[in-house]
Q: 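The structure under discussion is supplied below as structure tokens; questions concerning it will follow.
Here the structure is a predicted model, which means the values were calculated and not measured.
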Amino acid sequence: MRIATWNVNSVTARLPRLLDWLGTVEPDVVCLQEIKTSDETFPSDAVGALGYEVATHGTGRWNGVAILSRVGIADERRGLVDEPGYQPEDAMFASTEPRAMGATCGGVRVWTVYVPNGREVGHPHYEYKLAWLAALRATVAAELTERFVVMGDFNIAPTNDDVWDASAVHGATHISEPERAALASLRDLGLTDVVPRALKYDTPYTYWDYRAGMFHKNMGMRIDLVYANDAVTVTDAYVDRDARKGTGPSDHAPVVVDIDL
DNA sequence: ATGTCAGACAACGTCTGA
């Protein structure tokens, strides 16, 4: 079975590329992030024409996740256990955002996650990020089944080797010790970081900023991660760097993983 | 590194977020 994760940075803007990519790579299950559509406006018909069932968790302008599957979708669950919300300074209340959902596809319990960015270390959004990761851990702990995979845009580079230049990263988010400790805490549940092959260079980065020619200089980060338990046997994993090339790409490349059941 | 995107709102530019 082939599973994949991709932050598409708007499924509407990316639809032609997404459809081409589905036809070429032929994944069985795809976790999407930053769909930036509501459940009602997700292009389910276009994706469905390729044989995929769709489950979405989106509200519109920002965030949003989805699972596409051609091996069935059951037991959908949206949101985390006691999920924290974000409260901007000018807001009266904190509100939760559509950043996580799970479903059982082809005998594997699959979660797609879009971890909050954090903005800057010490920013309220950074505290939100850490609280959100704690809720993710609690959710995963309660959800662990025989075959389990959580994948998505974690907005954390697990080690300094996963960043082109650790000293240049924005506001030191993505590389801070508390963020990395949150990843380690997830692994402590029995999950393994499935590190993909790079298709070019020796660095399996998954994200390159749109600006300043970062992609062509290979100044990127590995922040799109696949965490699987031991019941999942990985036979191959790669970053589909080709999907970051050309006209109108997302700023993230997909991670594609082949597993034996 | 801060050079690009995307979406919403009401435009034909400005804001927010990444």
Q: Once you round it to whole Å, what is the distance between C1' of B/dA1 and OH of A/Tyr207?
A: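 Value for this atom pair: 12 Å.
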
Q: Rounding to a whole Å, what distance do you find between A/Gln33:CD and B/dG17:C1'?
A: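 From A/Gln33 CD to B/dG17 C1': 17 Å.
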
Q: Once Watson-Crick and G-U wobble pairs under 3.5 Å are found, how is DNA chain B written in dot-bracket notation, 5' to 3', with | for any base paired to another strand?
A: ...((((((...))))))

Q: Can you tell me how far apart OG1 (A/Thr139) and CE (A/Met101) are? Round to the nearest 0.5 Å.
A: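 Atom-to-atom, A/Thr139:OG1 and A/Met101:CE are 13.5 Å apart.
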
Q: Between A/Trp62 and A/Gly248, name the one whose nearest nucleotide on DNA chain B is closer to the 5' end.
A: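 Of the two residues, A/Gly248 wins.
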
Q: Whole angstrom is fine here: how far is it from CG in A/Leu15 over to C1' in B/dC5?
A: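 Taking atom C1' of B/dC5 as the reference, CG of A/Leu15 is at 17 Å.
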
Q: Have a look at A/Leu133 and tell me which of A/Val115, A/Asn155, A/Val113 forms a side chain to side chain contact (heavy atoms under 4.5 Å, CB included) with it.
A: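 For A/Leu133, the side chain to side chain contact (heavy atoms under 4.5 Å, CB included) test succeeds with only one of A/Val115, A/Asn155, A/Val113, which is A/Val115.
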
Q: Which pair of heavy atoms, one from A/Val194 and one from A/Ala228, lies closest together, and at what distance?
A: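 Of all heavy-atom pairs spanning A/Val194 and A/Ala228, the closest is CG2-CB, 4.1 Å.
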
Q: Closest to the A/Thr12 side chain: B/dG7, B/dA6, B/dA1?
A: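 Looking only at heavy atoms from C-beta outward on A/Thr12, the closest nucleotide is B/dG7.
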
Q: Return the nearest nucleotide to the side chain of A/His125; candidates are B/dA6, B/dG3, B/dA18.
A: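 Of B/dA6, B/dG3, B/dA18, B/dA18 is nearest to the side chain of A/His125.
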
Q: Figure out the OH/P separation between A/Tyr128 and B/dA18, and round it to whole Å.
A: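 These atoms are roughly 10 Å apart.
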
Q: Side chain of A/Arg211, base of B/dG3: donor and acceptor closer than 3.5 Å?
A: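 Side chain to base: no pair below 3.5 Å.
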
Q: Would you indicate, yes or no, if B/dA6 has its OP1 or OP2 atom less than 4.0 angstrom from a side-chain nitrogen or oxygen of A/Arg61?
A: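 For B/dA6, OP1/OP2 do not have a side-chain N/O of A/Arg61 under 4.0 Å.
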
Q: Given atom NZ of A/Lys36 and atom C1' of B/dC5, what is their separation to the nearest angstrom?
A: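 Nearest whole value for this atom pair: 7 Å.
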
Q: Would you call the rings of A/His125 and A/Tyr86 parallel, tilted or perpendicular, where under 30° means parallel and over 60° means perpendicular?
A: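 Rings of A/His125 and A/Tyr86: perpendicular, as their planes differ by over 60°.
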
Q: Quick check for you: among B/dG3, B/dG7, B/dA18, whose closest atom lies nearest to any side-chain atom of A/Asn117?
A: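 Shortest atom-to-atom distance from the side chain points to B/dA18.
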
Q: Does the A/Glu34 side chain pair with the main chain of A/Asn9, one donor and one acceptor, at a distance under 3.5 Å?
A: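 Checking the backbone N and O of A/Asn9 against the side chain of A/Glu34, no donor-acceptor pair under 3.5 Å is found.
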
Q: Do A/Ile67 and A/Trp111 touch side chain to side chain, with heavy atoms closer than 4.5 Å?
A: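 No, their side chains stay 4.5 Å or more apart.
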
Q: Using atom CE of A/Met219 as one end and atom C1' of B/dT4 as the other, report the distance to the nearest whole Å.
A: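 Result: 15 Å.
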
Q: For the side chain of A/Tyr114, counting heavy atoms from C-beta on, which of B/dA18, B/dA1, B/dG3 is nearest?
A: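 For A/Tyr114, the side-chain atoms sit closest to B/dA18.
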
Q: Starting the side chain at C-beta, find the nucleotide from B/dG3, B/dA6, B/dA18 nearest to A/Arg119.
A: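 Among the listed nucleotides, the one closest to the side chain of A/Arg119 is B/dA18.
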
Q: On DNA chain B, compare the nucleotides closest to A/Ile35 and A/Tyr210; which residue's is nearer the 5' end?
A: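 Here A/Tyr210 is the residue nearer the 5' end.
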
Q: Describe, in one word, how the ring planes of A/Trp21 and A/Trp6 are oriented to each other, choosing from parallel (under 30°), tilted (30 to 60°) and perpendicular (over 60°).
A: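 If you compare the ring of A/Trp21 with that of A/Trp6, the planes turn out tilted.
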
Q: By the definition side chain to side chain contact (heavy atoms under 4.5 Å, CB included), identify the one residue from A/Val121, A/Leu130, A/Ile156 that meets it with A/Pro178.
A: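 Of A/Val121, A/Leu130, A/Ile156, side chain to side chain contact (heavy atoms under 4.5 Å, CB included) with A/Pro178 is met by A/Leu130 alone.
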
Q: What interatomic distance, in whole Å, is found between C1' of B/dA10 and the corresponding atom of B/dC15?
A: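 Taking atom C1' in both B/dC15 and B/dA10, they lie 12 Å apart.
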
Q: For A/Ile223 and B/dA18, what is the distance between atoms CD1 and P respectively, to the nearest whole Å?
A: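 Taking atom P of B/dA18 as the reference, CD1 of A/Ile223 is at 12 Å.
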
Q: What integer distance in Å separates A/Lys217:NZ from B/dG3:P?
A: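 So the two atoms are 12 Å apart, to the nearest Å.
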
Q: What's the gap between B/dG17 and B/dT2 when it is taken at their C1' atoms, as a whole Å value?
A: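 Going atom to atom, C1' in each nucleotide, I get 14 Å.
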
Q: On a whole-Å scale, what distance lies between the P atoms belonging to B/dA1 and B/dT16?
A: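 Here B/dA1 and B/dT16 have their P atoms 26 Å from each other.
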
